[in-house]
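Accompanying notes for the structure given below.
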Amino acid sequence: MMKKRFGRLLAPLLSLVLLWFAQSVSSTAIPTLRKNRAQTRLGGENDPGAQTVADGSALYQSKRSFKGGGPLLAWSRIHALSKQVAIHIASGNVLTPTITPRIVCMSGIACALAANVALQKSEAAQRACFFWQKAGPIVAHYKFTQWWLRTRKAPIERRHAVYQSLHNRYCEPCLDLALDLKGLYVKMGQVMSSRADFMPVQYVNVFSTLQDSVPQWPIEDAVEIVRDSLKKEWGVDYDDVFESIDPVALGCAAIGQVHRAELKDYWLKADPGYKGGKVVAVKIMHPDAHQRFACDFQVFKWLTRIALPGWSPLLEELERRLMTEFDYHTERDNQMLVRNNLMKSPYKRQFKIPQPYDNLCCKHVLVMELLDGQKFKDAIEEKLSRVVGGDREKVSNFLAQRQKEIMFGRNSSEDSKASIYDLLDLHGIRGVIRAFRALALYRKVQKDIDLLVEVHGHQIFQDAVFNGDPHPGNIMELSDGRLGLIDFGQTKKLDDNERLAYARIVNAVGSKADSHQIAEAMRAAGFQSKLDEDDTLAEFAGLFFDSDFLYKEKGHDTPQDYFQSLMESDPLTTIPDAAIMVARVSILFRGAGTAINHQVQTSNSWRKHAHQALEEASRHSLVTDAEAT
């Protein structure tokens with residue numbers, strides 16, 4: 001029995017060893033990605049691996065058995081040879097003195113040749129090798145520790161202490177790896193920093209720095225992308241369009257970055273429909289972002305199979321969302337659609353969406369009106385810092401600590417209350433004045449959050465088009481008092497069936513219908529659970545589309561804990577894709593409300609829009625039936 005188990009384990013282990021050997025043979029073919037993160041482009045002309053690849057080509061040419069097959073043949077032989085060793089050991093045979101050197105030699109050569117050819121021709125292979133070179137030992141250490149603790153039957157306290165040591169050791173190297181590779185790795189770091197239910201606190205804390213401080217690509221590269229795009233798609237020169245462009249990005253994300261720029265006077269008259277003004281925002285997609293993300297997703301899928309099986313559904317949902325963001329023509333069209341809908345809505349005086357400059361938008365470049373204001377979160381920090389005497393750093397640290405308390409279920413702790421009192425310093429007459437100013441600010445922020453919930457409810461149930469990612473970084477407070485809505489890369493469009501299905505759920509939850517009615521609305525929308533229990537489906541509806549009250553009543557620290565308990569009792573087997581986007585909007589705004597001790601109940605705000613949508617659909621159905629008869 002032990003021999004069979006050992007044999008089954010040996011094949012992948014031997015492949016990893018051989019891969020390590022091949023990597024050492026061709027290690028210089030991997031670009032030194034750490035060298036100047038902000039200026040080195042992966043796979044550029046000065047690739048330090050070029051000479052190594054050239055040196056290895058003679059060896060490749062001399063091995064005729066591999067010629068014509070390339071890397072795929074080489075890797076298939078590695079797999080076959082690994083299985084051969086495993087079969088020998090599993091059957092109890094002793095390897096002969098000749099077969100072992102032959103296997104090691106041939107497999108090593110195959111690995112080296114395959115790696116050299118792949119690295120020579122593919123940036124994706126370079127990135128994958130660099131990732132596994134850094135992440136492989138970390139994953140192996142975690143997996144070995146898991147096996148060791150299990151076989152030793154270590155007590156929970158011992159396991160906790162050992163894992164805490166590993167988390168402390170590897171969280172910083174993992175952040176460095178994300179910053180080296182950028183792209184999807186930064187995006188995954190951002191996602192991990194918001195998922196305290198999945199990730200250890202060390203990783204959450206370290207990756208949280210990626211939310212606001214993603215390194216920008218060099219301005220020279222950004223300008224070159226704009227120059228090429230304008231020439232290719234519009235036949236105009238960059239120097240004829242822009243007076244200037246700010247070298248420091250206004251914001252930088254995993255896919256692109258935004259710069260402030262000034263148009264030349266000619267372009268203010270060239271498009272009579274554009275009313276945005278001379279100062280514009282230029283959103284620039286990072287070079288080769290689409291191909292890089294597609295390849296990096298394959299690497300992450302392997303990582304989830306090996307080390308993070310619980311992340312597979314999240315990764316699939318993230319892939320579906322992100323892979324639609326690589327054409328700014330689509331984003332421009334979505335932004336204009338949502339903007340036009342807003343201009344016809346009751347909320348047109350309270351919100352603003354920047355107008356795209358239609359005749360300068362390209363696949364990789366989006367030119368639009370620059371809104372005059374600052375991010376919603378920054379505006380709150382600035383106003384609160386004025387209340388407490390101008391200490392912006394103190395306010396920033398307090399809000400960061402408050403966010404962690406919410407994530408880890410300590411938002412009602414005595415420590416949290418004490419920190420609020422310490423921040424305001426309520427002693428004496430000045431303390432009373434601070435208290436009144438803080439109360440006024442609280443009510444203003446509370447009103448803004450309620451407005452944001454309402455306008456998105458209107459977009460979902462009336463317009464059937466909405467931004468599926470309205471996180472605080474995509475909301476601005478403008479100088480004229482309005483709120484700005486930006487970044488429509490993850491715009492979601494609902495068909496009538498989806499829109500009305502979610503309207504029925506929200507209407508049922510908001511009207512306090514019984515569990516059976518809510519569960520029926522969930523089933524009609526496409527939700528399915530393993531046991532199909534009414535109570536559980538109704539609780540999922542409350543968690544997705546209502547409020548955070550229920551998880552506290554059930555004794556859970558966080559919504560994530562509550563979700564996990566529901567999944568353990570009666571797991572959802574089908575969750576409609578569109579429902580994830582609608583629920584995400586609800587959860588994001590509820591989280592923003594919780595940060596200021598304001599309980600947001602989205603079903604209350606959304607019910608009027610949902611009810612109106614259902615009534616209009618009913619009237620339309622009656623008219624259609626009457627016309628038919």
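Every heavy atom of this structure was used, including side-chain atoms; hydrogens, water molecules and symmetry mates were not.
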* **Check: Met476 and Leu483 side chains under 4.5 Å, non-hydrogen atoms** => no
* Can you label the angle between the His286 ring and the Trp217 ring as parallel, tilted or perpendicular, going by 30° and 60°? => tilted
* Kindly say whether Asp239 contributes a backbone atom to a donor-acceptor pair with the side chain of Asp237 at under 3.5 angstrom? => no
* **Closest contact, heavy atoms only, Gly593 versus Val600** => CA-CG2, 4.0 Å
* Would you say the side chain of Phe242 lies within less than 4.5 Å of the side chain of Val226, judging by non-hydrogen atoms? -> yes
* Phe563 side chain near Leu543 side chain, heavy-atom distance below 4.5 Å -> yes
* To do: Could you tell me the separation between the CG atom of Leu370 and the CD1 atom of Ile486, rounded to the nearest 0.5 Å?
  => 9.5 Å
* Over all atoms of both residues, closest heavy-atom pair of Val280 and Leu263 -> CG1-CD1, 3.7 Å
* **Within 6.0 angstrom of Gln291 CD, more than 12 heavy atoms from elsewhere** => no
* If you take all heavy atoms of Arg332 and Pro356, which pair is closest and at what distance? -> CG-CB, 3.8 Å
* To do: Answer yes or no for Arg150 and Trp147: cation-pi contact, defined as NZ/CZ to six-membered ring centre under 6.0 Å and angle to ring axis within 45°.
  => no
* Steps toward side chain to side chain contact (heavy atoms under 4.5 Å, CB included) verdict (Met285, Ile225) -> CA-CA 8 Å; Met285 190 179 298; Ile225 292 169; 5.9 Å; no
* According to the interplanar angle, ranging from 0 to 90°, do the rings of His167 and Tyr163 count as parallel (below 30°), tilted (30 to 60°) or perpendicular (above 60°)? -> parallel
* Please confirm whether the backbone N or O of Val258 pairs with a side-chain atom of Gln216, one donor and one acceptor, at under 3.5 Å? => no
* **Aromatic ring proximity Phe326/His364, centre distance under 6.0 Å** => no
* Tyr357 side chain near Leu366 side chain, heavy-atom distance below 4.5 Å -> no
* Lys143 to Trp148 six-membered ring, cation-pi geometry met (6.0 Å, 45°) -> no
* May I have the step-by-step check of side chain to side chain contact (heavy atoms under 4.5 Å, CB included) for Thr324 and Gln490, ending in yes or no? => CA-CA 8 Å; Thr324 63; Gln490 294 188 37; 5.7 Å; no
* Does the pair Gln202 and Gln164 meet the rule for a side-chain hydrogen bond (donor to acceptor under 3.5 Å, both in side chains), with working shown? -> CA-CA 8 Å; Gln202 292 90 337; Gln164 290 301 309; 2.6 Å; yes
* Are Lys301 and Glu316 close enough for a salt bridge, meaning some N to O gap below 4.0 Å? -> no
* Close side-chain approach of Val365 and Leu230, heavy atoms under 4.5 Å -> no
* Asked: Would you say Arg260's side chain and Val279's backbone share a donor-acceptor pair under 3.5 angstrom?
  -> no
* How long is the gap from CG on Asp176 to NZ on Lys134, to the nearest 0.5 Å? -> 9.5 Å
* Asked: Hey, mind stepping through Met323 and Phe293 against side chain to side chain contact (heavy atoms under 4.5 Å, CB included) and telling me if it holds?
  -> CA-CA 8 Å; Met323 296 310 289; Phe293 265 67; 4.1 Å; yes
* Arg159 side chain to Ala154 backbone, donor-acceptor under 3.5 Å -> yes
* To do: Would you indicate whether Lys363, at its atom NZ, is surrounded by more than 12 heavy atoms from other residues, nucleotides or ligands within a distance under 6.0 Å?
  => no
* Closest approach of Ile353 and Arg339, non-hydrogen atoms and distance? -> O-NE, 2.8 Å
* **Heavy-atom check, side chain of Gln374 versus side chain of Asp378, under 4.5 Å** => yes
* To do: Let me see the working for Arg590 and Ser586 under side-chain hydrogen bond (donor to acceptor under 3.5 Å, both in side chains), right down to the final yes or no.
  => CA-CA 6 Å; Arg590 279 149 47 188; Ser586 173; 2.9 Å; yes
* To do: In sequence, state the C-alpha distance, the side-chain angles, and the governing distance for Glu331 and His329, and then conclude on side-chain hydrogen bond (donor to acceptor under 3.5 Å, both in side chains).
  => CA-CA 5 Å; Glu331 182 170 341; His329 290 125; over 6 Å; no
* **Residues Glu325 and Lys187 bridged, charged N to O under 4.0 Å** => no
* Step by step, would you call Lys352 with Glu369 a salt bridge (Lys or Arg N to Asp or Glu O under 4.0 Å)? -> CA-CA 11 Å; Lys352 185 175 183 179; Glu369 170 187 11; 2.8 Å; yes
* Nearest heavy-atom pair of Pro173 and Arg169: which atoms, and what distance? -> CD-O, 3.4 Å
* **Residue pair Cys171, Phe207: steps toward the side chain to side chain contact (heavy atoms under 4.5 Å, CB included) verdict** => CA-CA 8 Å; Cys171 61; Phe207 285 133; over 6 Å; no
* Asked: With a cut-off of 6.0 Å (strictly less than), are more than 12 heavy atoms of other residues, nucleotides or ligands near CH2 of Trp234?
  -> yes
* Arg227 side chain to Tyr238 main-chain N or O, any donor-acceptor pair under 3.5 Å? -> no
* Taking everything shown except Arg305 itself, do over 12 heavy atoms lie less than 6.0 Å from its CZ? -> yes
* How close do Gln257 and Cys252 get, heavy atom to heavy atom, and via which atoms? -> OE1-SG, 3.7 Å
* **Non-hydrogen side-chain atoms of Pro470 and Val585 separated by less than 4.5 Å** => yes
* Under the 3.5 angstrom rule, does the side chain of Asn467 hit a backbone N or O of Asp487 as a donor-acceptor pair? -> yes
* To do: Taking the side chain as every heavy atom from C-beta outward, state whether Lys383 and Val445 have any atom pair closer than 4.5 Å.
  => no
* Asked: Less than 6.0 Å separating the ring centroids of Tyr170 and Tyr203?
  -> no
* Counting N and O atoms only, with roles assigned by atom type, does the side chain of His160 sit under 3.5 Å from a partner on the main chain of Ile156, one being a donor and the other an acceptor? -> no
* Backbone N or O of Leu478 within a donor-acceptor pair of the Asp372 side chain at under 3.5 Å? -> no
